[in-house]
K.L.:
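I am attaching a structure below and will ask some questions about it afterwards.
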Amino acid sequence: MKNIQLIGLILVVVGSFLPLVHVPVIGNWNYWKVDHYLAIACWVFSAIALFGIMNNTPKIVKTFAVLLIILFLFTIFATKYQAFSYFSFLPFKSWTETLAATVKLKWGWAVEFLGAIIMLFATKKKI
């Protein structure tokens, strides 16, 4: 099961370098461009999960896989909230919603979540 967990961990780390958010005119952003601190938190959680995989402690791996999923959900929520608040100066709510909708989530999130879910469910059950 270590190999499957390592594949999940690699997907999480590689996914942080893939396009996660598309901002018009600026282009695609990965985790580092979205927010430095969230990217560092993702990599620290991944490093601790790697420690758990190497020491064969599934409790640590599951805990940090759940924390990674929570971090990803928080990042998506924060990105959408920031897009809405960035355009809040506009006089009409429909304009704000239209411009905020131009900030799109990209396919990198699927890789991030897939890696974390693999780490969460690919643990050996003790008899």
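No hydrogens, no waters, no symmetry mates; every other heavy atom, side chains included, goes into these values. By convention here, the first residue in the shown sequence is residue 1. Quantities reported herein were computed from a predicted structural model and do not represent experimental measurements.
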K.L.:
Mind checking whether Val13 and Val44 sit in one hydrophobic cluster, side chains of I, L, V, M, F, W, Y counted as touching below 4.5 Å?
P.N.:
yes

K.L.:
Of all heavy-atom pairs between Gly15 and Val111, which one has the smallest distance, and what is that distance?
P.N.:
CA-CG1, 4.0 Å

K.L.:
Considering all heavy atoms of both residues, which atom of Cys42 and which atom of Glu112 are nearest to each other, and what is their separation?
P.N.:
SG-OE1, 4.4 Å

K.L.:
How far apart are the C-alpha atoms of Val21 and Leu105, what are their side-chain angles, what is the distance that settles it, and do they pass the side chain to side chain contact (heavy atoms under 4.5 Å, CB included) test?
P.N.:
CA-CA 5 Å; Val21 177; Leu105 299 178; 4.3 Å; yes

K.L.:
Are Ile70 and Tyr81 linked, directly or through intermediate hydrophobic residues, by side-chain heavy-atom contacts shorter than 4.5 Å (ILVMFWY only)?
P.N.:
no

K.L.:
Considering non-hydrogen atoms only, spot the tightest contact between Ala65 and Ala116 and give its length.
P.N.:
CB-O, 3.6 Å

K.L.:
Nearest 0.5 Å please: distance from the CG atom of Leu68 over to the OG1 atom of Thr63.
P.N.:
11.0 Å

K.L.:
Is there a donor-acceptor pair closer than 3.5 Å between any side-chain N or O of Asn30 and the backbone N or O of Lys33?
P.N.:
yes

K.L.:
Are Tyr37 and Val34 connected in a single hydrophobic cluster, I mean Ile/Leu/Val/Met/Phe/Trp/Tyr linked by side-chain heavy atoms less than 4.5 Å apart?
P.N.:
no

K.L.:
Would you give the length of the straight line joining atom CG of Leu6 to atom CD1 of Ile118, rounded to the nearest 0.5 angstrom?
P.N.:
11.5 Å

K.L.:
Measure up the Phe17 and Trp43 rings against each other and bin them: parallel (under 30°), tilted (30 to 60°), perpendicular (over 60°).
P.N.:
parallel

K.L.:
Working note: Val103 + Gln82, criterion side chain to side chain contact (heavy atoms under 4.5 Å, CB included); need CA distance, chi angles, decisive distance, verdict.
P.N.:
CA-CA 10 Å; Val103 176; Gln82 186 64 30; over 6 Å; no

K.L.:
Out of curiosity, Ile40 CD1 to Phe45 CZ, how far, rounded to the nearest 0.5 Å?
P.N.:
12.0 Å

K.L.:
For atom NZ of Lys62, decide whether the heavy atoms of other residues, nucleotides or ligands shown that lie under 6.0 angstrom number more than 12.
P.N.:
no

K.L.:
I need the Leu11 CG to Ser46 OG distance, nearest 0.5 Å.
P.N.:
11.0 Å

K.L.:
Are Trp29 and Leu20 close enough, and set up right, to give a side chain to side chain contact (heavy atoms under 4.5 Å, CB included), and what steps lead you there?
P.N.:
CA-CA 6 Å; Trp29 285 359; Leu20 300 175; over 6 Å; no

K.L.:
Would a single hydrophobic cluster contain both Phe51 and Met119, if residues Ile, Leu, Val, Met, Phe, Trp and Tyr are joined by side-chain heavy-atom contacts under 4.5 Å?
P.N.:
yes

K.L.:
Can you tell me how far the CG atom of Leu38 sits from the CG atom of Leu71, to the nearest 0.5 Å?
P.N.:
5.5 Å

K.L.:
Restricting to non-hydrogen atoms, name the atom on Gln5 and the atom on Ala122 that form the minimum distance, rounded to 0.1 Å.
P.N.:
NE2-O, 2.9 Å

K.L.:
If you measure from CD1 on Ile53 to CZ on Phe64, what distance do you get to the nearest 0.5 Å?
P.N.:
12.0 Å

K.L.:
Using 30° and 60° as the class limits, which term best fits the ring planes of Trp109 and Tyr31: parallel, tilted or perpendicular?
P.N.:
perpendicular

